[in-house]
Amino acid sequence: MRCKQSLLGLLVLGLWVAFPVQAPAATTRIGSIHEIGTAALTAAGASAPASPELQVAPEIDSHFEKAGSGNLSDAESPVTGLPTVAGSTVIPAPDGMQSFDGLNVYREAQAQGVPAIPPDQGLAVGNGYVVEAVNQALAVYDADSGAMLAVVGLRNFFAPSGYRQHSDPRAWYDAQDGRWFVTDGGINPVNSHYGVLIAVSETSDPTGSYHVYFVDTTSSNHPGCPCLGDQPLIGADANGFYTNTNEFGLVTGRFVGTETIAIDKAGLLAGSADVNTETFFLQADSYPIFYSLQPATVPPGGTYDGDHGGTEYFMGSLDDYDLPTTTLAVLALTNTSSLATSPDLHLKQVLLRSETYGPGDVTTQDIFLPAAEQPIVPVGDYKDQLPLAYELRHGTCNLCAILFGLTDPINDHEELLDTGDDRMKQVFFADGHLYGALDTGVKTQTGNSATGIAWFVVTPGFDGNSLTATMYNEGYLSVDGQTMMYPSIAVNSAGHGAMVFTLVGKDYFPSAAFTSFDADNGPGEVQIFGTGGAALDDATGYPPMGPRYARFGDYSAAACDETGAIWMATEYVPGGANRNGLGEPSNWSTRIGKVTP
């Protein structure tokens with residue numbers, strides 16, 4: 001799920017490289033969570049879908065329905081104030097690079113009985129396994145062969161706990177302790193409260209049993225709530241496991257603030273009935289962070305920050321009235337070792353001057369990132385290449401009739417792709433630096449705007465008890481005339497890694513791509529490890545089932561294994577192999593790849 005805030009952020013001005021601000025006006029709460037049940041994966045075989053139901057991750061705020069920008073071209077609206085970026089070259093992936101197809105819309109429906117749009121990519125690696133999570137399914141692969149060992153619908157996975165999952169899964173392997181973590185948005189069946197489901201494996205085998213916990217994020221006692229905690233993010237240090245959610249009022253649908261929950265990791269690993277927590281709620285009207293605060297993870301062999309009683313770092317982007325901005329937020333929770341006994345954590349923050357990033361110009365109503373174009377498919381080829389669009393044109397779409405009551409022909413056209421927003425994606429902490437990236441509007445060499453990538457390498461530290469941060473390196477990545485979206489960076493303990501994303505545009509069907517990455521040199525050439533073979537043909541991109549912008553993403557994932565190799569997963573469209581018998585609501589697939597820096 002991905003929601004769009006409507007409250008205006010605070011415009012932060014300053015001239016220094018990093019400048020401390022008054023401690024965040026956070027509401028804190030100390031408490032505990034309780035084990036609510038168990039979960040387990042099943043064998044890779046699964047029954048056929050029970051019905052042609054389609055689940056679309058909802059958009060709460062109507063402002064997020066991107067219907068265009070007045071009389072501006074949807075895909076080429078101006079992005080005032082953003083720089084012109086030199087385009088990178090595109091080359092094939094190295095010969096012999098290991099990669100394989102992950103889950104797709106049909107395989108997900110086989111496991112769960114419900115195809116979901118978009119996939120929302122989770123990934124974890126370790127102990128010879130690869131774990132992939134998408135919105136409605138969880139799969140385990142053999143890391144050497146790519147063979148699928150187990151698959152389960154996430155709703156079924158969490159069902160023994162009595163709680164229902166809804167969207168936005170994540171996965172992480174704790175190499176230090178040899179355990180797997182799987183998280184997802186969840187609902188308490190007793191009081192209908194929203195929160196985060198956390199499953200922790202009992203052993204280092206991801207196909208075994210899990211302890212399941214539920215973190216309530218409804219926050220009924222905060223102004224603007226009860227709330228839905230959207231898109232839970234995860235991170236960890238030696239002492240704690242951390243999740244951050246975007247809080248949206250269930251009555252108003254408006255963004256209320258961001259909530260971070262620190263959880264005693266030792267208690268989770270032990271399967272304790274009660275596990276200590278401390279919660280920090282940052283109100284949107286007094287805190288200029290755009291949506292998410294992304295907690296950091298540390299690669300295998302890396303060093304957790306043990307200073308100040310244990311420190312967990314976060315990075316977040318700023319919301320400057322939906323305009324381009326030049327400021328990042330760096331935060332730290334200190335004294336994390338207290339989680340095991342009596343939680344007494346302290347939240348610290350600095351604002352850091354950065355390169356320009358962000359969406360468009362609010363004066364032209366272009367407050368979203370430019371949508372992604374796809375290669376033009378001739379109408380005469382729709383039947384073979386865009387069967388859903390073909391069925392809409394001929395009034396033969398059974399799924400459309402069942403779900404939306406559409407029986408008359410609709411003269412629709414090829415869809416654009418939703419490129420999301422400029423919230424910070426996953427963050428790694430390694431070799432003394434924080435690594436992160438986000439989607440941003442850029443000017444290409446042709447003069448047209450497109451969505452590209454802004455990346456950052458930040459060095460956090462302390463001056464006494466005050467948090468500090470400096471920009472070690474930063475830059476952009478784009479391909480002239482194309483779109484790059486939903487980046488994720490992962491690095492090994494030496495700070496060498498890769499950044500994964502989807503590449504799409506007039507010359508590329510949605511493709512899985514990556515680039516090498518390190519702190520000193522930034523990204524290298526763009527390399528394709530999953531070549532797109534068809535345009536996205538998705539129900540969410542055809543009005544009146546959705547806007548012209550088809551849901552995509554909402555995020556990719558990258559992880560590091562014990563050898564220092566980087567694993568990556570992202571959405572792409574390989575061609576006809578994943579078309580299905582569900583009325584063809586979509587044709588998305590995922591691609592998983594491994595590269596050794």
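Heads up: numbering here begins at 1 and tracks the sequence.
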J.: Say whether S204 and R179, considering side chains only, have a donor N or O and an acceptor N or O under 3.5 Å apart.
T.: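 No, because no side-chain N or O of S204 sits under 3.5 Å from a partner of the opposite role on R179.
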
J.: Are the aromatic rings of F157 and Y210 close, with centres under 6.0 Å apart?
T.: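 Yes, they do, as the ring centres are separated by less than 6.0 Å.
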
J.: If only side-chain N and O atoms count, and only distance matters, is there a donor-acceptor pair under 3.5 Å linking D422 with S317?
T.: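 Per modelled atom types, S317 and D422 side chains form no pair under 3.5 Å.
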
J.: Is a side-chain donor or acceptor of Q294 paired with a backbone partner of M315 at a separation under 3.5 angstrom?
T.: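 Not at all, since once roles are kept as given, no pair shorter than 3.5 Å links the two residues.
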
J.: Is it true that a side-chain atom of E474 and a backbone atom of E355 form a donor plus acceptor pair closer than 3.5 Å?
T.: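 Pair found, side chain donor or acceptor close to backbone of E355.
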
J.: Using only atom types and a distance under 3.5 Å, with no angle test, would you say the side chain of N492 pairs donor to acceptor with the backbone of C560?
T.: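 Side chain of N492 to backbone of C560: no pair is present.
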
J.: If I take atom CG from residue D520 and atom CG from residue N473, how far apart are they, to the nearest 0.5 angstrom?
T.: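 Those atoms lie 7.5 Å apart.
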
J.: Considering only heavy atoms from C-beta outward, does the side chain of M568 approach that of I566 to under 4.5 Å?
T.: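 The answer is yes; the side chains approach within 4.5 Å.
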
J.: Would you confirm whether T243, through its side chain, and L233, through its main-chain N or O, come within 3.5 Å as a donor-acceptor pair?
T.: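 Flag set: sc T243 to bb L233 pair under 3.5 Å.
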
J.: What about F501 and Y486, are their ring centers closer than 6.0 Å?
T.: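 Ring-ring flag for F501/Y486: false, centres at least 6.0 Å apart.
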
J.: What's the verdict on side chain to side chain donor-acceptor pair (under 3.5 Å) for D216 and T218, showing C-alpha distance, side-chain angles and the deciding distance?
T.: CA-CA 6 Å; D216 194 319; T218 301; 3.1 Å; yes

J.: By the definition side-chain contact (heavy atoms from CB on, under 4.5 Å), identify the one residue from L318, V458, T325, L328 that meets it with S354.
T.: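 Testing S354 for a side-chain contact (heavy atoms from CB on, under 4.5 Å) against L318, V458, T325, L328 leaves exactly one candidate, L328.
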
J.: Can a side-chain donor-acceptor contact be found between Q231 and S292 if the only test is distance below 3.5 angstrom?
T.: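 The criterion, which ignores hydrogens and geometry beyond distance, is not satisfied for Q231 and S292.
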
J.: Any side-chain to backbone donor/acceptor pair from S219 onto T217? Under 3.5 Å, distance only.
T.: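 The answer is yes, because a donor-acceptor pair under 3.5 Å joins these two groups.
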
J.: Given side chains that start at C-beta, do those of V427 and F314 come closer than 4.5 Å, heavy atoms only?
T.: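 The answer is no, as the side chains (C-beta and beyond) never meet within the 4.5 Å cut-off.
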
J.: Parallel under 30°, tilted from 30 to 60°, perpendicular over 60°: which one fits the rings of F281 and H222?
T.: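 Parallel: the ring planes of F281 and H222 meet at under 30°.
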
J.: If we ignore angles and hydrogens, is there a donor and acceptor under 3.5 Å between the side chains of D561 and T563?
T.: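 Present: a donor and an acceptor within the cut-off.
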
J.: Look at the rings of H433 and Y435 and say which category their plane angle falls in: under 30° parallel, 30 to 60° tilted, over 60° perpendicular.
T.: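 Perpendicular.
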
J.: Is the backbone N or O of L293 less than 3.5 Å from a side-chain atom of N244, with the two atoms forming a donor-acceptor pair by type?
T.: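 Judged by distance alone, yes, a pair lies under 3.5 Å.
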
J.: So, taking the atom named CD in Q349 and the one named CG in L347, what distance separates them when rounded to the nearest 0.5 Å?
T.: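 Separation between the atoms: 7.5 Å.
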
J.: Test F181 against every option in Y213, Y173, F241, Y242 by the ring pair (Phe, Tyr, Trp, His ring centres under 6.0 Å) rule and name the one that passes.
T.: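 Among Y213, Y173, F241, Y242, the one that satisfies the ring pair (Phe, Tyr, Trp, His ring centres under 6.0 Å) with F181 is F241.
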
J.: Please identify each residue that fulfils side chain to side chain donor-acceptor pair (under 3.5 Å) with S516, with sequence neighbours left out.
T.: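 With neighbours one apart ignored, the set is empty.
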
J.: Are any side-chain N or O atoms of T451 and backbone N or O atoms of T483, one a donor and one an acceptor, separated by less than 3.5 Å?
T.: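 Checking the backbone N and O of T483 against the side chain of T451, no donor-acceptor pair under 3.5 Å is found.
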
J.: For atom CG of D463, is the number of surrounding heavy atoms from other residues, nucleotides or ligands below 6.0 Å larger than 12?
T.: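 12 or below, so no.
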
J.: Would you mind checking if D439 and K425 are paired as a salt bridge, meaning a charged N to carboxylate O distance below 4.0 Å?
T.: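 Here K425 pairs with D439 in a salt bridge, since their nearest N and O are under 4.0 Å apart.
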
J.: Check the orientation of W455 and F517. Use parallel for under 30°, tilted for 30 to 60°, and perpendicular for over 60°.
T.: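 Perpendicular.
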
